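For reference, the structure discussed in these notes is given below.
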Amino acid sequence: MGKSEELRIWSGERLKRDVSTHSIIPARVVLNRALSRRFHIIKVRPLTLIKRPKPVQFFMVWSPGVDELPLSVAGYNASGEITFIYEIKGPGTRRLSELKPDSFVGLKGPLGRPLEVADGGTALVVTGGSGVAPVPFITKHLASKGYQLEVVWGVKRGDELFNLCSLMSGFEYLNIATEDCSAGYCGLASELAKSLLSKTRYDLVVGVGPKKMLESLCKATLGVKTYVVLEAIVKCGLGLCGSCVLQPTDRLLCVDGPAFKCEEVIEYLEQ
Amino acid sequence: MGKSEELRIWSGERLKRDVSTHSIIPARVVLNRALSRRFHIIKVRPLTLIKRPKPVQFFMVWSPGVDELPLSVAGYNASGEITFIYEIKGPGTRRLSELKPDSFVGLKGPLGRPLEVADGGTALVVTGGSGVAPVPFITKHLASKGYQLEVVWGVKRGDELFNLCSLMSGFEYLNIATEDCSAGYCGLASELAKSLLSKTRYDLVVGVGPKKMLESLCKATLGVKTYVVLEAIVKCGLGLCGSCVLQPTDRLLCVDGPAFKCEEVIEYLEQ
Amino acid sequence: MSTLSSEADLSTAVAGVKLKHVLMNASGVLGALPEHVTRLANYGLAAVVTKTFTKRPREGYGPPIILRLENIGFLNAVGLANPGVGAVPQVVRRGKELGLPIMVSVGGSTVEEYVEVASVSADAGADLLELNLSCPHTMGYGLDVGSDPSNVFEVTKAVASVSKVPVVAKLGLSDNYIKSAGKALEAGAKALTLINTIRAMVIDVYSLRPVLSNVFGGLSGPPLHPIAVKVVYDVYREFSPEIIGVGGVTNWVTAAELVLAGAKAIQVGSALSSNDPRELIRSILGGLSEWVKGLEYVRLTDLVGLAHRK
Amino acid sequence: MSTLSSEADLSTAVAGVKLKHVLMNASGVLGALPEHVTRLANYGLAAVVTKTFTKRPREGYGPPIILRLENIGFLNAVGLANPGVGAVPQVVRRGKELGLPIMVSVGGSTVEEYVEVASVSADAGADLLELNLSCPHTMGYGLDVGSDPSNVFEVTKAVASVSKVPVVAKLGLSDNYIKSAGKALEAGAKALTLINTIRAMVIDVYSLRPVLSNVFGGLSGPPLHPIAVKVVYDVYREFSPEIIGVGGVTNWVTAAELVLAGAKAIQVGSALSSNDPRELIRSILGGLSEWVKGLEYVRLTDLVGLAHRK
Ligand SMILES: Cc1cc2nc3c(=O)[nH]c(=O)nc-3n(C[C@H](O)[C@H](O)[C@H](O)COP(=O)(O)OP(=O)(O)OC[C@H]3O[C@@H](n4cnc5c(N)ncnc54)[C@H](O)[C@@H]3O)c2cc1C
Ligand SMILES: Cc1cc2nc3c(=O)[nH]c(=O)nc-3n(C[C@H](O)[C@H](O)[C@H](O)COP(=O)(O)OP(=O)(O)OC[C@H]3O[C@@H](n4cnc5c(N)ncnc54)[C@H](O)[C@@H]3O)c2cc1C
Ligand SMILES: Cc1cc2nc3c(=O)[nH]c(=O)nc-3n(C[C@H](O)[C@H](O)[C@H](O)COP(=O)(O)O)c2cc1C
Ligand SMILES: Cc1cc2nc3c(=O)[nH]c(=O)nc-3n(C[C@H](O)[C@H](O)[C@H](O)COP(=O)(O)O)c2cc1C
Ligand code: FES
Ligand code: FES
């Protein structure tokens with residue numbers, strides 16, 4: 001069969017072109033498990049070369065026959081494996097959590113614009129809720145750009161926490177905030193962030209989390225270059241269907257975002 | 001209009017992608033005139049980049065609304081202009097001869113396999129009739145491959161001759177044969193070739209011309225690496241329609257040729 | 001020499017509505033919300049076409065709803081997701097505020113629904129109504145209507161007879177497209193939009209399942225283009241009506257072919273998923289302008305239907 | 001381990017004719033002369049399908065007859081060029097000599113012509129007859145027949161009732177393809193070939209003329225594929241007949257999709273214009289074999305129609 005050795009995409013998992021007639025690329029689940037009461041992690045290996053994702057890009061992750069969900073890249077390694085961190089919210093993420101290693105998902109992406117930042121300086125990354133998902137990938141990138149950086153991570157309850165440090169690299173310090181006061185700072189991530197902002201001068205602030213948190217972050221960082229990473233209902237990921245529009249602006253999250261400068265989306269955040 | 005400057009494909013003739021939705025590339029006629037009683041020359045400039053043709057490749061040349069004809073590349077220059085030498089045989093070539101400078105033709109190609117020869121040595125190129133068309137391009141190529149070469153050109157009548165030398169480069173000597181004995185050797189090109197072959201040792205022989213000439217050339221060069229460049233009715237140029245099959249072989253001229261080793265097509269030549 | 005005088009005249013008119021150039025979006029690409037209209041206006045289009053509105057809001061299908069294909073086309077089954085006729089007025093108003101002609105795409109599963117959506121749209125100030133007689137993937141909507149010339153007649157007639165706003169009938173590929181086109185014109189359509197997507201599907205060879213949540217969808221983009229050219233050509237040859245050509249327009253050449261086949265305006269759909277839709281529109285317009293001038297014509301509309309010349 | 005045992009079983013059968021694997025050429029790609037048959041055999045196909053033969057020789061159209069398109073499809077208007085029914089016996093004989101099953105594609109402008117070409121082919125020893133009910137660009141031939149279920153019935157019945165050789169009906173895209181498929185089966189077709197090309201055209205924007213000498217032609221290749229998958233899927237769901245899938249097969253994935261939709265054999269047409277058709281066929285077969293094994297199946301035919309599983 002000559003070339004057929006190269007086609008052993010199933011058993012041998014060799015990479016091959018022409019694995020699909022459409023933009024969904026098959027990927028095998030490598031691991032899939034809980035990180036904490038709230039968060040799960042899934043690592044997948046695409047069967048074919050995928051464009052190298054950059055922070056804060058995301059993939060539409062298709063569970064065949066069930067649903068297709070947007071998930072931000074949490075990590076990407078040299079063998080092309082992609083990691084996502086997710087929270088079970090409804091049927092789609094529940095089904096995702098049930099996938100066994102070796103089963104197939106489909107990946108569409110990377111979608112969205114990469115976060116583009118100038119080189120070097122000091123940075124603060126503020127995250128809350130499921131916003132933590134892209135943070136490891138963001139911090140890795142900022143560190144590689146020469147940033148000295150600090151992270152604020154806020155959760156409601158202490159048992160949502162997991163060892164975020166072990167997934168990150170190159171950050172200066174991880175500040176924890178819990179609303180149940182079971183660990184770290186007692187209160188909201190945005191409050192902790194504000195107090196840090198009042199004491200240190202940052203060149204760059206990146207916020208990922210609930211709308212309210214991002215709104216207050218934007219207001220606390222007037223004058224500092226601040227990016228907020230948003231969520232919206234993504235259906236097509238191509239700028240065609242309009243479902244991800246950030247009303248009342250005319251920005252489409254899937255093609256213009258998911259990261260925006262505060263001034264681009266402040267009307268949306270204030271809504 | 002910003003980028004529109006780049007789009008001045010008509011007046012300014014700037015090169016641009018996306019000039020066509022199909023495989024026929026528009027080209028402007030640069031010059032078109034008679035070379036002799038029998039032969040004409042046309043030079044065209046494609047509006048967009050074309051894959052660099054190699055000898056003995058050909059183009060399907062489309063006169064819009066009239067016909068599409070296979071013509072061998074006779075020359076190709078640094079500004080991407082392509083030259084064809086042709087003979088008026090019927091309505092298609094007649095219409096071609098009527099095209100004024102600046103009018104449009106369409107080009108499909110380059111089609112066919114390039115002639116692949118080893119480096120260096122001595123070569124004899126034998127041509128007769130309209131087979132002369134690709135000869136300038138062939139000799140240029142052989143010379144660049146380090147061949148010392150000699151050309152035999154046979155015509156019926158002396159007034160068919162034109163200054164072939166001026167279109168060629170790098171050949172050792174051009175031997176003329178006329179059947180009306182008005183110039184050069186008196187007789188057939190194949191006869192003259194035979195006499196040269198009996199006196200000199202050639203590493204490579206290339207024949208382009210009528211079937212009979214090629215048959216006798218193949219027979220006279222047993223043991224010498226010999227290529228013959230053939231003609232057949234080319235319709236699709238893609239190996240799909242089968243019109244160019246060289247019966248009784250299963251070779252398709254448009255994709256396997258137009259150059260063949262004698263042994264590949266001897267049954268066809270003998271027919 | 002001013003920039004202006006060096007450009008060809010790309011203006012046109014559809015059913016009496018003047019357009020500063022020939023390009024608008026295809027229905028279903030944005031156009032369901034006022035913010036979408038703003039965005040489309042920023043792309044530099046000469047008119048905005050809304051998403052097809054139905055009487056009641058439709059959630060549409062869940063993802064996957066759109067696939068990019070290896071054959072460089074797109075396959076979609078959005079399921080006519082739209083906020084319902086109630087949202088039409090604010091969408092039309094946004095168009096007005098931006099000074100752009102707006103064509104409301106009207107859908108329905110019964111003649112009455114078409115009429116209702118059309119009336120609301122007309123009252124809201126729509127400049128044109130496009131009857132979607134051809135959406136190929138919503139049961140009871142679309143192709144069932146468009147492939148049957150007598151249905152086309154009935155729906156078009158019902159809307160045209162109550163509407164003060166010019167009606168444009170949008171048809172898809174079907175065995176009877178020439179007849180359907182004739183019937184639409186007979187019923188009072190002032191122009192035709194040709195063509196909608198073609199039913200198609202994609203199966204995932206790993207999970208062995210159809211990929212779209214709706215199983216099948218509509219094929220759009222470049223695969224459609226030569227089919228659209230043929231449909232426009234045939235309908236123009238038969239009736240020489242006003243035609244808005246749509247299907248696989250990605251650059252000036254694809255637009256120019258539709259013009260030569262007989263289209264006096266052009267819609268761009270899938271190609272608006274390009275990285276820079278604004279630049280895409282600019283470059284199509286720039287290319288068309290050069291083309292018109294290169295052929296030594298003054299107006300793009302002088303080239304409409306010229307492929308029919310003997 | 002021998003090479004053989006490490007390959008999946010790709011064999012199949014169409015209308016009782018056993019094939020060593022699922023790939024054959026699509027009608028019209030070579031197949032008009034004995035030498036063409038030799039060439040197709042060298043490509044490694046499991047069966048050879050002839051060019052559509054008509055009663056009388058047809059010159060076909062003059063060039064341009066085929067265009068490669070920017071949308072990666074092909075547009076052809078060959079005009080059913082063929083040497084006429086008189087040449088069938090020698091073409092069939094070549095297939096026999098090479099030990100390959102041969103399916104003769106039968107064309108006609110009247111029922112009688114179909115019957116005549118079919119009889120000659122059957123007498124010559126054809127293994128299968130493929131009724132071309134769908135060639136979309138020859139007036140009086142093709143689509144006129146295939147899009148009308150009662151014509152399909154009539155032609156199929158007439159041929160099937162006189163032919164000892166199994167009849168395969170080849171249909172194209174039309175509004176009524178499900179009905180036509182049903183009628184063909186009812187009339188005695190043992191299998192269906194789905195689908196033929198779709199009418200389309202290309203206009204040269206420099207000379208302002210249609211490019212094909214016939215003005216329009218049939219679109220084939222990748223643009224057709226998701227449409228072919230849909231047609232095969234729909235017809236399989238309705239009747240679960242034996243289906244030969246054709247349209248845009250260029251690699252193992254495109255072939256696999258047609259299998260999952262319901263095809264038990266596959267034809268490759270335009271893609272045989274590849275630089276190395278032999279390698280193309282090998283790589284499709286290699287990919288299919290890996291795929292079957294990867295899914296832990298033994299036979300490719302076990303996967304036929306699996307996309308219909310709930
Ligand atoms: C760019 C982007 C990146 C994201 N990255 C992550 C991540 O890394 N980790 C994570 O846990 N969550 C992430 N989310 C949110 C995640 O997509 C939703 O939580 C998930 O889709 C919910 O689906 P469900 O079926 O479990 O719940 P349901 O709420 O039942 O969802 C039903 C449907 O609505 C859609 N939907 C619901 N909520 C959202 C939402 N917020 N965004 C998009 N679609 C939604 C889903 O596609 C689904 O089809 C991201 C969202 C976006 C837009
Ligand atoms: C690979 C190749 C390269 C060629 N290169 C040249 C060249 O450089 N110069 C030159 O003068 N001639 C060349 N020819 C021959 C040239 O194509 C024919 O002379 C020309 O097509 C005749 O067309 P016509 O309409 O003038 O005459 P007609 O004889 O009336 O031709 C009518 C039709 O038959 C076809 N046809 C007729 N003869 C041939 C033929 N020999 N080959 C292919 N199609 C034919 C034409 O496509 C045309 O559609 C070449 C042929 C081939 C196959
Ligand atoms: C995502 C998407 C949604 C569409 N929705 C509609 C619609 O609501 N109404 C309609 O008439 N056509 C709809 N269409 C069809 C387009 O208007 C257009 O006819 C088709 O896409 C061909 O154009 P294109 O090749 O430029 O995309 C939709 C197409 C796409 C891609
Ligand atoms: C050059 C060419 C000639 C064709 N001739 C015929 C024909 O004679 N009879 C027929 O039934 N189909 C004919 N077809 C259609 C093919 O058999 C096939 O149905 C179609 O091309 C789709 O397959 P593809 O995408 O693999 O090319 C022809 C197709 C091409 C490209
Ligand atoms: S998700 Fe469709 S436009 Fe963004
Ligand atoms: S010209 Fe069609 S196969 Fe060679």
Side-chain angles (χ1 to χ4, degrees), chain C residues 67 69-73 75 143 147-148 173-176 198-211 215-217 219 221-234 248 250-261 287-288 291 294-295 303 306-310, chain D residues 67 69-73 75 143 147-148 173-176 198-211 215-217 219 221-234 248 250-261 287-288 291 294-295 303 306-310:
Chain C
L67 301 171
L69 306 183
E70 286 296 309
N71 77 4
I72 73 172
L75 187 66
L143 199 61
S147 62
D148 180 342
L173 178 70
S174 74
D175 295 351
N176 297 311
I198 296 178
R199 285 181 204 204
M201 84 184 272
V202 149
I203 297 170
D204 184 65
V205 299
Y206 301 93
S207 59
L208 317 184
R209 290 169 184 281
V211 180
V215 178
F216 69 93
L219 181 67
L224 214 61
H225 183 260
I227 301 173
V229 172
K230 168 84 164 81
V231 172
V232 170
Y233 184 89
D234 286 350
T250 54
N251 54 26
W252 71 267
V253 189
T254 40
E257 275 188 51
L258 286 167
V259 169
L260 292 171
L288 288 174
W291 178 61
L295 290 168
L303 284 149
L306 279 201
H308 296 266
R309 258 194 331 201
K310 279 286 156 297
Chain D
L67 301 171
L69 305 182
E70 286 295 309
N71 77 3
I72 72 173
L75 187 67
L143 198 61
S147 63
D148 181 341
L173 179 70
S174 75
D175 296 350
N176 298 310
I198 296 178
R199 283 180 205 203
M201 84 184 271
V202 148
I203 297 170
D204 185 65
V205 299
Y206 302 92
S207 58
L208 316 184
R209 289 167 185 281
V211 181
V215 178
F216 68 94
L219 181 66
L224 215 61
H225 183 261
I227 302 173
V229 172
K230 168 84 164 79
V231 172
V232 170
Y233 184 90
D234 286 350
T250 55
N251 54 26
W252 71 266
V253 190
T254 41
E257 275 188 50
L258 286 167
V259 169
L260 292 172
L288 287 174
W291 177 62
L295 289 168
L303 284 149
L306 281 201
H308 295 267
R309 257 194 332 200
K310 280 286 156 291

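Everything quoted here is computed from the prediction, not taken from an experiment. We name chains A, B, ... by the order of the sequence lines, and we start the count at 1 in each one.
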Q. Based on non-hydrogen pairs under 4.5 Å, which of D/Pro226, D/Ala228, D/Pro222 is most in contact with chain C?
A. D/Pro226
For the residue pair [X] and [Y], what are the closest heavy atoms and their distance?
| X | Y | value |
| --- | --- | --- |
| D/Ile203 | C/Val229 | CD1-CG1, 3.7 Å |
| D/Leu173 | C/Leu173 | CD2-CD2, 4.1 Å |
| D/Ala307 | C/Pro210 | O-CD, 3.7 Å |
| D/Met201 | C/Glu257 | O-OE1, 4.3 Å |
| C/Val205 | D/Leu260 | CA-CD1, 3.8 Å |

If I measure from the heavy atoms of chain C, does [X] come under 4.5 Å with its side chain, its backbone, both, or neither?
| X | value |
| --- | --- |
| D/Leu69 | side chain |
| D/Ile227 | both |
| D/Val215 | side chain |

Q) Quick one: does D/Phe216's side chain get under 4.5 Å of C/Asp234's, heavy atoms only? A) no
Q: Kindly compute the distance separating CD (D/Glu70) from OG1 (C/Thr254), expressed to the nearest 0.5 Å.
A: 10.0 Å
Q) At what distance, to the nearest 0.5 angstrom, does OG of D/Ser207 lie from CG of C/Leu306? A) 11.5 Å
Q) Looking at C/His308, C/Lys230, C/Arg309, which one has more heavy-atom pairs under 4.5 Å with chain D than the rest? A) C/Lys230
Q | Engaged part of C/Leu75 at the chain D interface, taking heavy atoms whose separation is under 4.5 Å | A | neither
Q) D/Leu303 and C/Leu208: side-chain contact (heavy atoms from CB on, under 4.5 Å), yes or no, with the steps? A) CA-CA 9 Å; D/Leu303 284 149; C/Leu208 317 184; 4.2 Å; yes
